[in-house]
Peer 1: 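Structure in structure tokens, see below.
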Amino acid sequence: MAMAVFRREGRRLLPSIAARPIAAIRSPLASEQEEGPLGVRSISTQVVRNRMKSVKNIQKITKAMKMVAASKLRAVQGRAENSRGLWQPFTALLGDNPSIDVKKSVVVTLSSDKGLCGGINSTVVKVSRALYKLNAGPEKEVKFVIVGEKAKAIMFRDSKNDIALSVTELNKNPLNYAQVSVLADDILKNVEFDALRIVYNKFHSVVAFLPTVATVLSPEVIEKESEIGGKLGELDSYEIEGGETKGEILQNLAEFQFSCVMFNAVLENACSEMGARMSAMDSSSRNAGEMLDRLTLTYNRTRQASITTELIEIISGASALEAAK
């Protein structure tokens with residue numbers, strides 16, 4: 001009789017002591033590759049550990065990208081500052097009149113070929129669109145020349161018919177004046193204009209850049225403005241030597257001015273790109289560090305809860321066995 005009672009108690013107690021089937025308690029968040037023999041708490045800990053590893057890898061990448069951008073910025077910054085001396089004499093001689101009213105305007109938008117550099121590309125696109133609205137009219141024509149992959153991707157969505165020329169991968173090789181002068185020559189050959197408006201980001205510091213518009217007038221407009229008077233009228237005070245006419249000299253001056261302004265604008269925009277990328281990657285590294293701290297805290301709490309739960313189950317099972325004797 002006593003043996004029969006012990007068997008019935010044993011049949012009643014043993015199912016409560018036995019471990020639960022693993023398949024019945026698996027977390028729906030765990031994938032098939034993350035299945036393990038210890039149950040749901042072990043799997044959730046593994047998920048957190050995998051995410052911590054991913055965040056660490058991302059942090060390493062962002063730190064490396066920041067260092068690369070800093071190295072490139074040091075290489076370009078000095079050249080950009082020196083190139084400012086090329087276009088300043090032209091500004092003193094021919095002036096810079098961004099509000100001039102002409103029939104044919106060309107907006108040259110400078111952007112980067114790669115992303116992860118903040119909002120410098122969207123800024124120049126907004127300025128370019130604003131210039132389009134200001135200079136467009138029933139008897140006026142405005143075209144775009146896009147330099148850079150990012151501005152091209154944005155502008156092609158809604159201004160495809162107004163894009164006369166697009167150039168990408170300009171920064172693939174180290175920038176020099178010969179390379180930019182070839183680009184300027186291609187622009188002058190492929191578009192007709194009365195005024196060229198170059199939109200770029202002027203570099204001030206690693207965390208500060210200013211959207212800037214530089215205006216280059218055609219020789220015909222320059223000659224017309226010099227006849228009217230004003231600042232361009234000072235051209236008549238210079239003596240012309242040699243056999244060239246005033247129109248030929250203005251043609252050479254306009255082409256040389258455009259290539260110099262483009263060279264400075266490309267270097268300034270490259271500096272702004274590297275500075276913005278440094279700032280963006282620094283913020284990303286700090287955010288990854290904060291996320292890693294939170295995941296570490298979550299991992300430690302989950303691991304401690306798993307250990308505590310296993311200890312409670314062991315003690316409860318031992319107590320149940322002692323009570324069954």
Side-chain angles (χ1 to χ4, degrees), residues 12-74 111-123 125 149-150 153-154 201 205-209 272-324:
R12 183 176 64 85
L13 290 174
L14 287 178
S16 64
I17 298 173
R20 290 172 294 176
I22 294 174
I25 59 173
R26 292 200 183 281
S27 171
L29 299 176
S31 61
E32 293 181 359
Q33 290 80 5
E34 295 170 342
E35 291 180 358
L38 298 180
V40 63
R41 294 185 182 88
S42 175
I43 293 176
S44 63
T45 305
Q46 183 67 31
V47 170
V48 176
R49 189 160 53 241
N50 290 339
R51 191 170 183 184
M52 289 171 61
K53 185 178 179 181
S54 300
V55 173
K56 286 181 181 179
N57 293 335
I58 292 173
Q59 189 179 40
K60 290 179 182 178
I61 294 172
T62 54
K63 287 183 177 179
M65 292 182 66
K66 178 185 175 182
M67 294 176 64
V68 171
S71 176
K72 291 183 178 180
L73 176 61
R74 285 192 295 268
S111 68
S112 64
D113 291 315
K114 299 179 181 179
L116 300 177
C117 53
I120 64 170
N121 297 317
S122 59
T123 301
V125 169
E149 185 66 37
K150 292 302 177 180
I154 299 173
N201 293 289
S205 66
V206 176
V207 294
F209 54 90
S272 301
E273 176 189 351
M274 297 306 165
R277 183 169 288 117
M278 280 182 60
S279 179
M281 293 301 100
D282 182 63
S283 299
S284 299
S285 299
R286 285 189 276 106
N287 291 338
E290 294 175 1
M291 183 180 293
L292 188 60
D293 292 339
R294 293 195 298 268
L295 288 173
T296 302
L297 182 60
T298 302
Y299 173 77
N300 292 335
R301 287 178 175 175
T302 305
R303 182 171 175 271
Q304 187 63 41
S306 176
I307 295 172
T308 304
T309 304
E310 290 177 1
L311 289 174
I312 292 174
E313 290 179 352
I314 292 172
I315 295 172
S316 299
S319 299
L321 289 174
E322 288 291 335

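Sequence positions, counted from 1, serve as the residue numbers for this chain.
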Peer 1: Taking only residues at least two apart or on different chains, which pairs with a member in residues 280-290 satisfy salt bridge (charged side-chain N to carboxylate O under 4.0 Å, His left out)?
Peer 2: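 Sorted result for residues 280-290: Lys66-Asp282, Asp282-Arg286.
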Peer 1: Distance check, rounded to the nearest 0.5 Å: Ile120 atom CD1 versus Lys150 atom NZ?
Peer 2: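 It comes to 11.0 Å.
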Peer 1: What residues form a side-chain contact (heavy atoms from CB on, under 4.5 Å) with Ile314, not counting sequence neighbours?
Peer 2: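 Expected list: none.
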Peer 1: Just to verify, what does Ala280 make a side-chain contact (heavy atoms from CB on, under 4.5 Å) with, not counting sequence neighbours?
Peer 2: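 Counting only residues at least two positions away or on another chain, Ala280 forms no side-chain contact (heavy atoms from CB on, under 4.5 Å).
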Peer 1: To the nearest 0.5 angstrom, please state how far the CD1 atom of Ile154 sits from the CD atom of Glu149.
Peer 2: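 One gets 10.5 Å once the value is rounded to the nearest 0.5 Å.
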Peer 1: Would you mind telling me which of Thr309, Ile315, Thr308 makes a side chain to side chain contact (heavy atoms under 4.5 Å, CB included) with Ile312?
Peer 2: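 It is Thr308, the one option of Thr309, Ile315, Thr308 that forms the side chain to side chain contact (heavy atoms under 4.5 Å, CB included) with Ile312.
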Peer 1: Working to the nearest 0.5 angstrom, can you tell me the gap between Arg49 CZ and Thr302 OG1?
Peer 2: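 Reported to 0.5 Å precision, the distance equals 11.0 Å.
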Peer 1: For Met67, is there any backbone N or O sitting under 3.5 Å from a side-chain donor or acceptor partner on Ser71?
Peer 2: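 No, Ser71 side chain to Met67 backbone: no donor-acceptor pair under 3.5 Å.
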Peer 1: Hey, what do you get for CG (Asn57) to CE (Met52), rounding to the nearest 0.5 Å?
Peer 2: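 The CE atom of Met52 is 12.0 Å from CG of Asn57, to the nearest 0.5 Å.
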Peer 1: Check for a donor-acceptor pair, side chain of Ser279 on one end and backbone N or O of Gly275 on the other, with a separation under 3.5 Å.
Peer 2: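 No, the answer is negative, given that no donor and acceptor are paired below the 3.5 Å cut-off.
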Peer 1: With Ser285, which residues qualify under side-chain hydrogen bond (donor to acceptor under 3.5 Å, both in side chains), at least two apart?
Peer 2: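 Partners of Ser285 under the side-chain hydrogen bond (donor to acceptor under 3.5 Å, both in side chains) test: Thr62.
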Peer 1: Which value, rounded to the nearest 0.5 Å, describes the distance between Ile307 atom CD1 and Thr45 atom OG1?
Peer 2: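 Spacing of CD1 (Ile307) from OG1 (Thr45) equals 9.0 Å.
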Peer 1: Passes side chain to side chain donor-acceptor pair (under 3.5 Å), Arg301 versus Gln304? Steps please.
Peer 2: CA-CA 5 Å; Arg301 287 178 175 175; Gln304 187 63 41; over 6 Å; no
Peer 1: When rounded to the nearest 0.5 angstrom, what distance separates NZ in Lys53 from NZ in Lys56?
Peer 2: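 The NZ atom of Lys56 is 10.0 Å from NZ of Lys53, to the nearest 0.5 Å.
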Peer 1: Does Arg294 offer a backbone N or O that forms a donor-acceptor pair with the side chain of Thr298 under 3.5 Å?
Peer 2: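 At least one qualifying donor-acceptor pair exists.
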Peer 1: Taking side-chain contact (heavy atoms from CB on, under 4.5 Å) as the test, write out the residues that go with Ile61, two or more places apart.
Peer 2: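 Ile61 satisfies side-chain contact (heavy atoms from CB on, under 4.5 Å) with Met65 once adjacent residues are dropped.
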Peer 1: Quick test of your reading: applying side chain to side chain donor-acceptor pair (under 3.5 Å), list the pairs with at least one residue in residues 112-122, sequence neighbours left out, ordered by first then second residue.
Peer 2: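 Every pair satisfying side chain to side chain donor-acceptor pair (under 3.5 Å) with a residue in residues 112-122: Ser112-Asn121.
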